[in-house]
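Below is one structure; the comments refer to it alone.
The basis for the numbers below is simple: all heavy atoms, side chains too, and nothing from hydrogens, waters or symmetry mates.
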Amino acid sequence: MEEIKNFLIKYKGAIIGGIIAILILCTGFYKLMIGIILIGMGIYFGNYIQQNKDEVKDRIKSFIDKL
């Protein structure tokens, strides 16, 4: 019994994380989370490109020249 108690104490965070992951998968909430993450990445990259137009143009031009 002591071994089980030590195991639960040692891996409490992993067990809770696993239970949360199972709940997210069962409810389909992961689809919403993926959508929100993709929207956030799109906003971030769009802002980065807008703020650094010249640098992005140079990088794309050098990438095309390598091909």
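- Using cut-offs of 30° and 60° on the angle between ring planes, the pair Tyr44 and Tyr48 is parallel.
- Hydrophobic clustering (ILVMFWY, side-chain heavy atoms < 4.5 Å, transitive): Ile43 and Ile49 are in distinct clusters.
- The line from CZ of Arg59 to CG of Asp54 is 12.5 Å long, rounded to the nearest 0.5 Å.
- A continuous path of Ile, Leu, Val, Met, Phe, Trp and Tyr side chains, each step under 4.5 Å between heavy atoms, connects Ile36 with Phe29, placing both in one hydrophobic cluster.
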With side chain to side chain contact (heavy atoms under 4.5 Å, CB included) as the criterion, how do Phe7 and Ile4 come out once you've worked through the C-alpha distance, each side chain's angles and the decisive distance to 0.1 Å? CA-CA 5 Å; Phe7 176 81; Ile4 295 173; 5.5 Å; no
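- Taken to the nearest 0.5 Å, the CD1 atom of Ile60 stands 11.0 Å off from the CD atom of Glu55.
- To the nearest 0.5 Å, the span separating CD1 on Ile37 from OH on Tyr30 amounts to 13.5 Å.
- A distance of 12.0 Å separates CD1 in Ile20 from CG in Leu25, rounded to the nearest 0.5 Å.
- Atom CD1 of Ile24 is separated from atom CG of Leu32 by 10.5 Å, given to the nearest 0.5 angstrom.
- Closest of all the heavy-atom pairs between Leu8 and Ile15 is CD2-CD1, 3.6 Å.
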